[in-house]
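What follows is one structure encoded as structure tokens, with my remarks underneath.
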Amino acid sequence: MDFSSSIAAFNVWAVLGAGVTSFVIGGIWYGPVFGQVWITAFGFTEEDLASRPVGRTFGLSLLLALIAAANLELFIGAQADWVFGATAGFFAGFGWVAMFLGILYLFEMRKLAAYLIDAGYCVICLTVMGVLLGAF
């Protein structure tokens, strides 16, 4: 399939659903599941997190999730089913995002726990996004 066919078949509703879903996964992942470990791994304090501009941080995070979902929608194409979407999402998350995060975290001398939490989030989100985008 060519790029113009992907644009013509672009599913805005699936992209919105995938973007919001990854935003929700992030809230769970960085909240009750790994929140405290993540805070410790990056050396944040509760005061650091309380002082950030929450509206801007969450609003821009949602926007970036929507852009990622749109990019994955164009990448997998209109003919994808949920299995191909899941596979493409997993390999995009693991093969590209997690590997580049690994390079960055090595040079930034970040803790392994920080890498595993962030890379794990990316792999899971892109896989779930791929499932949703491929299914719809």
Side-chain angles (χ1 to χ4, degrees):
M1 175 187 313
D2 61 19
F3 184 69
S4 62
S5 297
S6 291
I7 293 291
F10 189 83
N11 187 338
V12 173
W13 296 110
V15 168
L16 288 172
V20 169
T21 299
S22 77
F23 190 73
V24 171
I25 291 170
I28 296 166
W29 191 263
Y30 290 100
V33 177
F34 293 112
Q36 285 305 113
V37 178
W38 180 80
I39 289 169
T40 302
F42 280 94
F44 294 132
T45 65
E46 294 292 337
E47 294 78 31
D48 293 332
L49 299 177
S51 68
R52 70 182 172 195
V54 176
R56 185 178 76 196
T57 300
F58 282 78
L60 288 174
S61 294
L62 180 57
L63 175 63
L64 295 171
L66 292 169
I67 292 169
N71 183 65
L72 188 58
E73 169 77 351
L74 292 171
F75 178 72
I76 66 173
Q79 303 303 317
D81 62 4
W82 74 269
V83 174
F84 180 78
T87 304
F90 173 80
F91 284 114
F94 178 77
W96 289 327
V97 178
M99 296 306 111
F100 277 104
L101 281 178
I103 293 167
L104 295 171
Y105 281 34
L106 284 169
F107 280 95
E108 294 170 355
M109 297 185 300
R110 295 191 186 263
K111 295 181 180 178
L112 178 61
Y115 168 73
L116 293 174
I117 292 168
D118 286 349
Y121 164 74
C122 294
V123 172
I124 287 172
C125 278
L126 284 164
T127 303
V128 171
M129 282 179 159
V131 168
L132 294 173
L133 295 169
F136 299 104

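Between K111 atom NZ and I117 atom CD1 the span is 10.5 Å, to the nearest 0.5 Å. Rounded to the nearest 0.5 Å, atoms OG (S51) and CD (E46) are 11.0 Å apart. Separating the CG atom in D118 from the OH atom in Y30 is a distance of 3.5 Å, to the nearest 0.5 Å. Atoms CD1 and OG, on I124 and S22 in that order, are 12.0 Å from each other to the nearest 0.5 Å. To the nearest 0.5 angstrom, W82 atom CH2 is 8.5 Å from T87 atom OG1.
Scanning all heavy atoms of the two residues, the minimum distance from G19 to L66 falls at CA-CD2, 3.8 Å. Residue I76 comes nearest to A88 through the heavy atom pair CG2-CB, 3.5 Å, listed as atom of the first residue, atom of the second, then distance. A18 and A69 get closest at one heavy-atom pair: CB-CB, 4.0 Å. Closest approach of V15 and A70 over heavy atoms only: CG1-N, 3.7 Å. A14 and F136 make their closest contact through CB-CB, 4.0 Å (heavy atoms, listed as atom of the first residue, atom of the second, distance). Taking every heavy atom of both residues into account, S61 and T57 meet most closely at OG-O, 2.7 Å.
Side-chain atoms of E73 and V12, non-hydrogen and from C-beta on, never get closer than 4.5 Å to each other. V128 places none of its side-chain heavy atoms less than 4.5 Å from the side chain of V131. Using a 4.5 Å heavy-atom cutoff, the side chains of L112 and Y105 are not in contact.
Using a 30° and 60° split on the angle between ring planes, Y121 and W29 fall in the tilted class, from 30° to 60°. Aromatic ring pairs are classed by plane angle as parallel below 30°, tilted from 30° to 60° and perpendicular above 60°; the pair F44 and W38 is tilted.
V33 is connected to L49 through a chain of hydrophobic side-chain contacts under 4.5 Å among Ile, Leu, Val, Met, Phe, Trp and Tyr, so both are in one cluster. No continuous path of hydrophobic side-chain contacts links I67 to L62 [ILVMFWY only; heavy atoms under 4.5 Å]. No single ILVMFWY cluster, assembled from side-chain heavy atoms under 4.5 Å apart, contains both F23 and L64. Taken together through direct or relayed side-chain contacts under 4.5 Å among Ile, Leu, Val, Met, Phe, Trp and Tyr, M129 and V83 form parts of separate hydrophobic clusters. Linking ILVMFWY side-chain heavy atoms closer than 4.5 Å, directly or via other members, places V54 and I39 in a single hydrophobic cluster.
Judged by distance alone, with hydrogens and angles left aside, the side-chain atoms of D48 form a donor-acceptor pair with the main-chain N or O of T45 at under 3.5 Å.
No more than 12 heavy-atom neighbours from other residues, nucleotides or ligands sit within 6.0 angstrom of CZ on F94.
Between W96 and F100, the distance separating the two ring centers is not shorter than 6.0 angstrom.
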